[in-house]
Amino acid sequence: MFFDTRPKLNVCVAQTGETYACAADESLLRGMLRLGRKGIPAGCVNGGCGVCKVRIVEGSVTPLGPVSRAHVSADEQCAGVTLACRVAPASAVTLEIAGRLEKPFSTGPAVGASPLSTQ
């Protein structure tokens, strides 16, 4: 039986309150997936799809490779936006999912939706 003895840092997904331990040498996304947790949307796990886009709210991260400009602009990166598959925690981290978990407030049915559909 293998026990992972690497030091771990806490990572918290702000929108859900989900917290997990992530090794300092693994990506935020891989740490979550290793534990079978959900929270950060996962796609290719390689930086090519941009599905795991997050904003670092608190703490710091270490780059594990380049972040694709197709998914994260230089301005976004300066504002703490990155891909969870391309960074590892350098300290305890709180992050926000940038996109899929956020649903805009709606006062009525979507354009083209039938009155019986739910949002």
Side-chain angles (χ1 to χ4, degrees):
M1 179 175 253
F2 174 74
F3 292 100
D4 188 351
T5 59
R6 297 176 293 177
K8 307 288 190 304
L9 298 161
N10 283 334
V11 178
C12 178
V13 179
Q15 290 103 320
T16 65
E18 177 81 15
T19 301
Y20 63 95
C22 185
D25 64 348
E26 73 182 333
S27 75
L28 298 175
L29 184 60
R30 285 212 187 268
M32 182 199 71
L33 295 173
R34 175 180 46 80
L35 296 173
R37 301 287 179 88
K38 296 180 180 175
I40 302 170
C44 70
V45 192
N46 241 357
C49 70
V51 171
C52 65
K53 191 173 184 178
V54 298
R55 185 173 73 84
I56 306 302
V57 177
E58 292 180 7
S60 59
V61 293
T62 303
L64 296 173
V67 175
S68 171
R69 288 289 175 238
H71 303 298
V72 179
S73 71
D75 288 342
E76 285 178 314
Q77 193 168 8
C78 288
V81 175
T82 190
L83 300 178
C85 68
R86 304 303 288 162
V87 296
S91 69
V93 171
T94 299
L95 58 85
E96 290 179 340
I97 307 304
R100 198 165 105 180
L101 287 182
E102 297 175 6
K103 294 184 179 178
F105 178 75
S106 174
T107 58
V111 174
S114 73
L116 298 176
S117 67
T118 58
Q119 295 282 320

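Everything numeric in this text was worked out from a predicted model, so none of it was measured.
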Could you tell me whether the side chain of Leu95 reaches within less than 4.5 Å of the side chain of Val13, counting heavy atoms only?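 Yes, at least one pair of side-chain atoms sits under 4.5 Å.
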
Are any non-hydrogen side-chain atoms of Val93 and Val54 less than 4.5 angstrom apart?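 No, side chains not in contact.
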
What are the two closest non-hydrogen atoms of [X] and [Y], and how far apart are they?
X: Pro41; Y: Val51; answer: CB-CG1, 3.5 Å
X: Ala84; Y: Ser27; answer: O-CB, 3.5 Å
X: Glu26; Y: Ala88; answer: O-CB, 3.2 Å

Quick one: pull up [atom1] in [X] and [atom2] in [Y] and give me the separation to the nearest 0.5 Å.
X: Cys44; Y: Leu29; atom1: SG; atom2: CG; result: 9.0 Å
X: Arg86; Y: Lys53; atom1: CZ; atom2: NZ; result: 15.5 Å
X: Thr19; Y: Leu35; atom1: OG1; atom2: CG; result: 11.5 Å
X: Arg55; Y: Glu76; atom1: CZ; atom2: CD; result: 11.5 Å

Among Val87, Leu83, Val45, Thr82, exactly one meets side chain to side chain contact (heavy atoms under 4.5 Å, CB included) together with Cys52. Which residue is that?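 The option that passes is Leu83.
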
Does the Ser91 side chain pair with the main chain of Ser60, one donor and one acceptor, at a distance under 3.5 Å?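 Side chain of Ser91 to backbone of Ser60, a donor-acceptor pair under 3.5 Å: yes, one is there.
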
With distance as the sole test, does Tyr20 use its side chain to make a donor-acceptor pair with the main-chain N or O of Leu28 at under 3.5 Å?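 Side chain of Tyr20 to backbone of Leu28, a donor-acceptor pair under 3.5 Å: yes, one is there.
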
